[in-house]
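In listed order, ligands and their atoms are each counted from 1. For clarity, every value in this text was computed on a predicted model and none was experimentally measured.
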Amino acid sequence: MTERAASRTAVLVCQARAVADGRLAAGTFADPVARDLLDAEERALVDSVRADQPPADAGERLGYELLARTAVTIVPRTIAVDRAVREHRPDQVVILGAGLDTRAWRMPELGKATVFEVDHPASQRDLLERTGPRQPLALRMAPVPVDLATQTLAPGLMDAGFEPQAITTWIWEGVIPYLTELQVRTTLRQVSALSSPGSRLVASYQARSLPTQALRSALRALLRLTRQPDPLADEPWRSLWRPADVRAMLLENRFDVETDEDLLSLSDGLGLSVEGNTGSLRNGRVAIATRR
Ligand SMILES: C[S@@+](CC[C@H](N)C(=O)[O-])C[C@H]1O[C@@H](n2cnc3c(N)ncnc32)[C@H](O)[C@@H]1O
């Protein structure tokens with residue numbers, strides 16, 4: 001297993017949910033737990049975005065803008081995943097690459113479900129330190145340290161009490177871009193083998209887009225140039241997908257696609273200010289599929 005630091009992109013999206021809570025799509029989106037998981041410095045940036053107070057320093061402004069924009073894209077994604085979980089009402093939920101996912105601590109609908117939080121060991125330790133003694137609303141929260149690049153899912157899940165015969169909701173949110181195509185295919189094969197019919201997979205992924213990739217590279221170059229912390233530094237995108245290829249891969253693994261929508265469509269009616277964010281919103285997608 002490779003030793004590496006805890007995920008910084010997991011912190012970024014947690015900050016984004018803290019920015020959005022009660023402020024973006026209020027009434028539809030809520031994550032009152034996200035802020036509690038952040039340290040003082042991470043919260044300070046959240047508070048400045050919530051207060052619409054951009055820093056005067058041009059370098060610091062980049063981190064501010066990155067967070068403000070991430071908040072707009074994270075809201076429709078979170079709403080779509082939450083809705084898919086609520087509708088499904090599973091016996092167990094497996095969150096792959098859970099990062100600082102707060103669902104086990106904020107969704108009363110999971111009161112009868114076990115939530116397995118699968119993540120790279122370093123990121124998992126970070127989650128457990130940040131949640132501390134906070135009690136989940138889920139019936140049980142089970143941490144499962146697994147590096148999806150080098151390890152298989154079954155042993156850790158089984159040790160943690162996963163039941164292959166039960167109906168499972170799998171959440172694979174914001175993780176696929178950080179895995180290679182082979183790692184994605186290998187993981188999906190395992191997910192299929194561990195899923196009883198009727199189980200549901202909710203997966204977000206990034207469609208290929210040259211402008212979005214160019215923008216991301218330019219932002220990273222600017223962060224380097226201005227010596228600002230770069231949350232994307234150690235987590236490059238490794239795979240981008242065409243919706244048709246995702247559909248084919250899901251079908252091969254006995255998952256029938258119910259919906260596969262981009263975040264721009266999922267933003268409809270949420271009152272988000274999508275201007276300046278349409279590229280990222282158009283290329284981020286959420287697919288929902290059911291195991292045959
Ligand atoms: C952008 S974060 C998303 C976190 C969370 N799913 C969310 O949406 O808030 C990416 C997550 O993928 C996880 N990840 C990346 N590569 C991984 C691997 N090889 N094995 C397990 N988890 C991995 C990271 O540890 C991190 O938690």
Side-chain angles (χ1 to χ4, degrees), residues 1-21 29 31 33-35 37-38 42 46 66-67 69-71 73-82 84-85 93-107 115-131 141 143-153 155-157 169-188 190-191 201-206 216 230-240 263 266 280 284-286:
M1 192 184 305
T2 46
E3 247 326 302
R4 66 177 193 193
S7 167
R8 292 309 300 174
T9 60
V11 175
L12 174 66
V13 291
C14 183
Q15 284 177 299
R17 290 189 292 262
V19 164
D21 182 50
F29 172 89
D31 189 342
V33 178
R35 191 171 194 283
L37 303 191
L38 302 170
E42 293 157 358
V46 166
L66 174 63
L67 178 55
R69 282 161 185 271
T70 305
T73 55
I74 225 64
V75 165
R77 186 173 102 181
T78 308
I79 291 173
V81 176
D82 284 1
V85 175
V93 177
V94 181
I95 309 183
L96 297 169
L100 304 180
D101 189 299
T102 54
R103 291 187 174 89
W105 289 270
R106 71 172 166 81
M107 288 186 74
V115 177
F116 299 91
E117 305 256 345
V118 177
D119 208 338
H120 192 277
S123 303
Q124 179 122 99
R125 274 195 299 277
D126 194 35
L127 169 76
L128 297 179
E129 278 167 26
R130 288 169 187 262
T131 48
M141 188 284 293
V144 183
V146 176
D147 182 345
L148 295 170
T150 57
Q151 298 177 295
T152 51
L153 275 170
L157 278 176
T169 305
W170 299 84
I171 300 176
W172 203 3
E173 183 189 13
V175 186
I176 287 178
Y178 303 103
L179 301 174
T180 64
E181 179 178 337
L182 182 62
Q183 289 160 2
V184 171
R185 290 186 184 279
T186 307
T187 304
L188 183 57
Q190 298 174 64
V191 167
L201 171 62
V202 189
S204 77
Y205 65 97
Q206 248 344 92
R216 197 175 163 93
D230 175 2
L232 314 176
D234 296 328
E235 295 167 77
W237 277 350
R238 294 189 166 95
S239 70
L240 303 169
L263 299 181
L266 291 168
S280 327
R285 302 185 68 87
V286 178

(Q) Counting only nitrogen or oxygen atoms and a 3.5 angstrom limit, does Asp147 reach ligand 1? (A)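 Yes, there is a polar N/O contact under 3.5 Å.
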
Q.
Between ligand 1 and Gly99, is the shortest N or O to N or O distance under 3.5 Å?
A.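 Yes; the residue has a nitrogen or oxygen that sits under 3.5 Å from a nitrogen or oxygen of the ligand.
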
List every atom of ligand 1 that sits less than 4.0 Å from any heavy atom of [X], numbering the atoms from 1 in the order shown and giving each element.
X      : value
Ser123 : 25 (O)
Gly174 : 1 (C), 2 (S), 3 (C), 10 (C)
Ala149 : 19 (N)
Thr9   : 1 (C), 2 (S), 10 (C)
Tyr178 : 1 (C)
Val146 : 20 (N), 21 (C)

If we set the cut-off at 4.0 Å for heavy atoms, which region of [X] has an atom near ligand 1: side chain, backbone, both, or neither?
X      : result
Arg77  : side chain
Leu148 : both
Ala98  : backbone
Leu179 : side chain

Q: May I ask you to test the Pro231-Leu66 pair for a side-chain heavy-atom distance under 4.5 Å?
A: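 The answer is yes; the side chains approach within 4.5 Å.
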
Q | Nearest neighbour in protein (non-hydrogen) for atom 9 (O) of ligand 1 | A |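 Residue, atom and distance for the closest contact: Arg17 NH1, 3.0 Å.
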
Q) Of all the non-hydrogen atoms in the protein, which one sits nearest to atom 4 (C) of ligand 1, and at what distance? A)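 For this ligand atom, the closest protein heavy atom is Gly97 O, 3.4 Å.
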
Q: May I ask whether Val118 has any heavy atom positioned less than 4.0 angstrom from an atom of ligand 1?
A: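 No, that is not the case, since the closest heavy atom of the residue is not under 4.0 Å from the ligand.
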
Q) Does some non-hydrogen atom of Gln124 fall short of 4.0 Å from ligand 1? A)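 No, Gln124 has no heavy atoms under 4.0 Å from ligand 1.
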
**Q.** Option with minimal heavy-atom separation from atom 25 (O) of ligand 1, where the choices are Asp119, Leu96, Thr70
**A.**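 Considering heavy atoms of Asp119, Leu96, Thr70, the nearest to atom 25 (O) of ligand 1 sits in Asp119.
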
Q | Options Arg8, Arg4, Arg238, ranked by nearest heavy atom to atom 15 (C) of ligand 1, top entry | A |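 Residue with the shortest heavy-atom distance to the ligand atom: Arg4.
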
